[in-house]
Amino acid sequence: MNKKAQMSSPFSYIFALIIGVLVFMFLIGFAYKFIALSGALSAAETVTALNDEFAAFSVSESAEKIINYGSSFDFTVFEGKITSEGQSQVIGEIIYAPYEIQGKDLYVATRSLEMPYRVGNLFYLSDGSVIYILVYDSNTEEVVEELTDSYSAIPSNFPREAFSITQVASNIEELSQLTASYDQVRFVFFTSYDNVIDDIQSNFVNYDILKVESSDDEYNFGQVEYSDGEEVVYLGYPMLIGAIVSFNAYSYNYNFDLVMGKLSSVTNVYYDKSKFISARKPECDYNSIKTTLSNYKSLANQEEVSYNSYSTKIEQVESANDGLGGDCPEIF
């Protein structure tokens, strides 16, 4: 009997060892799965938290913030969705951003869009890796000043500088050194760049060029041409900033359609309001404001409309509304 016990003992040890190895492997596998799941949840929570930040920002006409995540993040922003580690979150706001955003600090900003009444807020994202160089001449100097030092300016927490075309032409090497620490340089020209393009190509590696044009002296309405030749229309400085921040024309136009959708909805509300007040105040003439709002809504639903058409319609709506007052309440 003792002999049987002695013979079974080695088998018991081997059996116990096998069981131990299996349990150990199970625990390791579980740990890895837990870590992966934990990371996925963290990414989802991060993106959801960002959506909450947008919601909080929506009450402000102009706001900026730097969010420090404490560890590196990697977002992609495309067609109204922010994706991180395979976790996507549809954002209910209009967001202009580069396609990929990486780092530990996320730069967030918002501006209210009025056309001429408030349509909603536009949002902008950056990780600080792209610097925007705005270039002006004597005719557009005040426009660039407005975009860099006013209530309507490009967010101050986004890297940006402004130079005259003369300064760029005579100090191209210094400008290259100034921007060397950034991953990309985006030139935004409010003047012709024909006389500096060769120098830019010789001194910069990762760069692109945007050209802003307008028949409006104040550049409130105009068009932006991207490096690939694609052109987009902007209506107001908040949308111009969106074009400057967007990584390409497709991304910008996706948001442009969202803006037009909101504009159509808000305009319809004001049109219904004008009919409601008109019916209760027959002594007041609301025909002009009703007609202009109706035409404006129709324009917002059309495709490929020039910025001059929008400018004209906005002026007509504003003028019709300003013609009211006193016992005849304004619509907005």
Side-chain angles (χ1 to χ4, degrees), residues 77 96-103 105 107 109 124-150 152-234 237-253 307:
V77 185
Y96 299 92
Y99 176 72
E100 189 170 26
I101 303 177
Q102 300 174 324
D105 292 326
Y107 303 84
Y124 317 96
L125 299 180
S126 173
D127 58 11
S129 65
V130 180
I131 183 169
Y132 304 94
I133 304 297
L134 279 62
V135 186
Y136 59 87
D137 58 19
S138 58
N139 295 321
T140 56
E141 182 175 3
E142 291 185 3
V143 175
V144 172
E145 286 180 356
E146 188 77 10
L147 282 166
T148 55
D149 189 23
S150 75
S152 309
I154 296 172
S156 61
N157 56 356
F158 286 29
R160 78 279 202 287
E161 298 287 347
F163 299 97
S164 69
I165 187 65
T166 303
Q167 290 173 317
V168 173
S170 59
N171 299 283
I172 194 70
E173 292 183 0
E174 289 85 346
L175 182 56
S176 176
Q177 294 173 2
L178 174 68
T179 59
S181 61
Y182 296 93
D183 293 342
Q184 181 184 0
V185 180
R186 168 164 281 188
F187 290 94
V188 185
F189 280 88
F190 291 79
T191 182
S192 173
Y193 54 82
D194 292 344
N195 64 325
V196 296
I197 185 62
D198 289 341
D199 290 335
I200 290 176
Q201 291 174 343
S202 300
N203 288 272
F204 293 86
V205 178
N206 194 9
Y207 74 92
D208 65 349
I209 293 177
L210 272 59
K211 177 67 183 302
V212 184
E213 294 181 328
S214 176
S215 58
D216 175 21
D217 291 341
E218 297 181 350
Y219 277 63
N220 285 312
F221 305 88
Q223 64 184 32
V224 177
E225 180 181 346
Y226 288 84
S227 291
D228 59 4
E230 290 288 325
E231 295 180 346
V232 300
V233 168
Y234 73 86
Y237 282 0
M239 291 184 73
L240 173 55
I241 295 171
I244 292 172
V245 173
S246 297
F247 69 94
N248 62 13
Y250 177 86
S251 173
Y252 172 83
N253 281 329
Y307 66 84

Inset, instruction - Could you please spell out the steps behind the side chain to side chain contact (heavy atoms under 4.5 Å, CB included) verdict for Thr166 and Val168? - result: CA-CA 5 Å; Thr166 303; Val168 173; over 6 Å; no
Inset, instruction - Go through the steps to decide whether Phe158 and Val130 satisfy the test side chain to side chain contact (heavy atoms under 4.5 Å, CB included), and finish with yes or no. - result: CA-CA 8 Å; Phe158 286 29; Val130 180; over 6 Å; no
Inset, instruction - List the steps and the verdict of side chain to side chain contact (heavy atoms under 4.5 Å, CB included) for Phe189 and Val212. - result: CA-CA 6 Å; Phe189 280 88; Val212 184; over 6 Å; no
Inset, instruction - For the pair Tyr136 and Gln167, evaluate side chain to side chain contact (heavy atoms under 4.5 Å, CB included) and give the outcome as yes or no after the intermediate values. - result: CA-CA 10 Å; Tyr136 59 87; Gln167 290 173 317; 4.1 Å; yes
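In terms of modelled atom types and a separation under 3.5 Å, the side chain of Tyr96 and the main chain of Leu240 share no donor-acceptor contact. Formation of a donor-acceptor pair under 3.5 Å by the Thr140 side chain with backbone atoms of Val143 is not found in this model. Of the possible donor and acceptor atoms, one in the side chain of Ser214 sits under 3.5 Å from a partner among the backbone N and O of Phe221. With hydrogens and angles ignored, the 3.5 Å screen pairs no side-chain donor or acceptor of Asn171 with any backbone N or O of Glu174. With hydrogens and angles disregarded, no donor-acceptor distance shorter than 3.5 Å links the side chain of Ser176 to the backbone of Ile172. When atom types are taken as modelled, the side chain of Arg160 and the backbone of Ile131 share no donor-acceptor pair closer than 3.5 angstrom. Side chain of Ser227 to backbone of Ile209: a donor-acceptor contact under 3.5 angstrom is found. Listed for the Gln201 side chain is no donor-acceptor partner under 3.5 Å among the backbone atoms of Asp198. Of the possible polar contacts, one joining the Asn206 side chain to the Asp183 backbone as a donor-acceptor pair under 3.5 Å is found. Put simply, the side chain of Arg186 never gets that close to the backbone of Leu134: no donor and acceptor are under 3.5 Å apart.
Taking all atoms of both residues into account, the shortest heavy-atom contact from Ser152 to Leu147 is O-CD2, 4.4 Å. Val232 and Ala243 get closest at one heavy-atom pair: CG2-CB, 4.4 Å.
Residues Phe190 and Val135 fail the side-chain proximity criterion, which asks for heavy atoms closer than 4.5 Å. The shortest side-chain heavy-atom distance between Phe187 and Tyr132 does not fall under the 4.5 Å cut-off. Within the 4.5 Å cutoff, the side chain of Phe163 has heavy atoms near those of the Leu178 side chain. The shortest side-chain heavy-atom distance between Tyr237 and Asn220 falls under the 4.5 Å cut-off. In this structure the side chain of Asn195 reaches within 4.5 angstrom of the side chain of Ile165, judged on heavy atoms. At least one side-chain heavy atom of Ser215 sits under 4.5 Å from a side-chain heavy atom of Tyr307. Counting heavy atoms from C-beta outward, Val224 and Tyr234 have side chains that approach closer than 4.5 Å. Within the 4.5 Å cutoff, the side chain of Asp105 has no heavy atoms near those of the Asp127 side chain.
Summarising the local packing, CG of Asp149 is surrounded by 12 or fewer heavy atoms from other residues, nucleotides or ligands at distances under 6.0 Å. Within 6.0 Å of atom CD in Glu141, more than 12 heavy atoms from other residues, nucleotides or ligands are found, so the atom counts as buried in its surroundings.
Ring geometry for Phe204 versus Tyr207: interplanar angle over 60°, hence perpendicular rather than tilted (30 to 60°). The aromatic rings of Phe247 and Tyr99 sit perpendicular to each other, their planes meeting at more than 60°, with 30° as the lower class boundary.
The OH atom of Tyr124 sits 12.0 Å away from the CG atom of Asn157 when rounded to the nearest 0.5 Å. To the nearest 0.5 Å, atom CD1 of residue Ile197 and atom CG of residue Asp199 are 9.5 Å apart. Between Ile241 atom CD1 and Ser246 atom OG the span is 11.5 Å, to the nearest 0.5 Å. Ile101 CD1 to Ser126 OG: the interatomic distance, rounded to the nearest 0.5 Å, is 7.0 Å. Residue Glu218 holds its CD atom at 8.5 Å from CD of Glu142, rounded to the nearest 0.5 Å. Here the OH-OG distance, from Tyr107 to Ser129, works out to 9.5 Å after rounding to the nearest 0.5 Å.
For Glu173, the side chain to side chain contact (heavy atoms under 4.5 Å, CB included) partners two or more places apart in sequence, or in a different chain, are Asn203.
Under 3.5 Å, the side chains of Asn248 and Ser251 contain no donor-acceptor pair of N or O atoms. For the residue pair Glu225/Gln223, the side-chain donor-acceptor check at 3.5 Å is not satisfied.
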